[in-house]
Structure formats: structure tokens, C-alpha cells
Amino acid sequence: MSISPLPGDASNDPAEDQTGRFVRQPNGRVRPLSPHLQVWRWHVTMLASILVRVSGGALAVGALFVVAWLAALAFGPDAYATFAAWMGSPLGLLVWLGLPAALAYHFAGGVRHLIWDAGEGLSPRSANLLSTLSIVFAVVVTLAFWAGLFMTGRVVL
């Protein structure tokens, strides 16, 4: 990361910059390059925000698998056996492991946002705590869900 020149310094002209701190836009204007990750320190609320978006996308894709499961049920025993074979593979089991995890995390992230929308938990310390709790909640719920399935014999490997 480069150090900015002092004000009044001749090298402060953005058009003459050779450090990569400025970019010429298509309209010809020279604008400062956004510092992005060079400036921002990684923190748990960033991770929580990213995970909400990822879990939302995973739920959309997972919904397609649920629809495929229902379609296989509707098309009869042969279609269901084929679907079950695919979903019993390691990749299929990963999908079925990820779907409740995405659902649990997206739910927890939604509750976190409801709390924030009410004007509560907005201090950095509270926001970090809520973000951490939403991640922990999702892990605990997912593990409990799968432990319950294995302990009741509904899922066997």
C-alpha cells in the first residue's frame, strides 16, 4: 500500500499518478481507486453478512433439489430409486447436509437483522456478539438435526 503524497506536492496530480491509486474511467475522468480490502479489517459481521447471502443462494439451489425429490416421488418407484441413488452419493449427502445448515443460518441471520431493524444491538460489540451467536446457532441446530436423524435410524450410512 502506497503512502499518499503531501498536499501541495507536485506528485499529487492524479493524472500523473504511477502508483495505481487512481483509475481512469471510460468517460476520461481520473478517480481514486477504492481501497476495498486494503483498508477494511476483517471482522465477524462481514462474515455474517457474506454467509447470509451465500445461505440464501444455497436455499434457492436446495429448493430445486426438493422439487426434484417431489417430482421423483410423483414419477414412481423407478424415478425415486434413481433420485435416491444420486442423493445417497457423497455429493448428494453434502447437499442434504448443507440444506438444513443454510436454512438454520438464514433464519438466524434474519432474526439478527430483525433485532438490528428494531434499533437494538447496533454497537460494534453487540453486532459482533449477534453475528457470532447466529453462526453458532446454525452449527448447533445443524448438528442436532443430523444427530437426531442418525440416532432415530432415519439416516444410515
Side-chain angles (χ1 to χ4, degrees), residues 1-2 19-27 29-157:
M1 194 158 86
S2 63
T19 63
R21 293 176 295 149
F22 297 91
V23 63
R24 185 172 301 278
Q25 293 181 322
N27 65 3
R29 288 185 177 158
V30 178
R31 305 282 292 172
L33 187 64
S34 173
H36 189 48
L37 295 177
Q38 295 88 354
V39 173
W40 294 106
R41 182 177 52 88
W42 187 261
H43 49 92
V44 70
T45 53
M46 289 171 70
L47 175 64
S49 176
I50 292 166
L51 286 176
V52 165
R53 288 164 176 78
V54 168
S55 66
L59 287 173
V61 171
L64 298 175
F65 283 95
V66 172
V67 168
W69 172 58
L70 293 173
L73 280 171
F75 284 120
D78 292 337
Y80 186 77
T82 302
F83 180 81
W86 277 86
M87 290 295 108
S89 71
L91 183 60
L93 291 175
L94 185 64
V95 167
W96 292 120
L97 172 70
L99 193 57
L103 184 62
Y105 184 74
H106 207 71
F107 173 77
V111 170
R112 178 174 51 99
H113 274 274
L114 282 174
I115 293 169
W116 287 348
D117 290 344
E120 301 296 325
L122 295 174
S123 71
R125 184 176 178 151
S126 299
N128 288 343
L129 178 63
L130 284 172
S131 298
T132 302
L133 287 176
S134 64
I135 295 168
V136 169
F137 172 82
V139 169
V140 168
V141 166
T142 302
L143 291 176
F145 175 77
W146 280 100
L149 288 178
F150 277 108
M151 289 190 319
T152 60
R154 294 181 190 261
V155 173
V156 292
L157 293 177

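As the structure is a computational prediction, the values presented were derived from the model and not from experiment.
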Between Tyr105 and Ala48 (side chain of the first, backbone of the second, donor and acceptor by atom type, cut-off under 3.5 Å), is there such a pair?
yes

For residues 131-151, run the donor-acceptor check on the side chains, cut-off 3.5 Å, and write out each pair with its distance to 0.1 Å, sequence neighbours left out.
from	atom 1	to	atom 2	distance (Å)
Ser131	OG	Ala127	O	2.9
Thr132	OG1	Asn128	O	2.9
Ser134	OG	Leu130	O	3.4
Ser134	OG	Ser131	O	2.7
Thr142	OG1	Ala138	O	2.7

Which value, rounded to the nearest 0.5 Å, describes the distance between Leu94 atom CG and Leu99 atom CG?
11.0 Å

At their closest point, which heavy atom of Val52 faces which heavy atom of Ser55, and how far apart are they?
O-OG, 3.0 Å

Looking at Trp116 and Gly121, would you say the former's side chain and the latter's main chain have a donor-acceptor pair under 3.5 Å?
yes

Just verifying a value: how many Å separate Arg53 CZ and His106 NE2, rounded to the nearest 0.5 Å?
10.0 Å

Identify each donor-acceptor pair in which a side-chain atom of residues 64-92 lies under 3.5 Å from a protein atom, sequence neighbours left out, and give them as a table.
from	atom 1	to	atom 2	distance (Å)
Thr82	OG1	Asp78	O	3.1
Ser89	OG	Trp86	O	2.7
Ser89	OG	Gly92	N	3.2

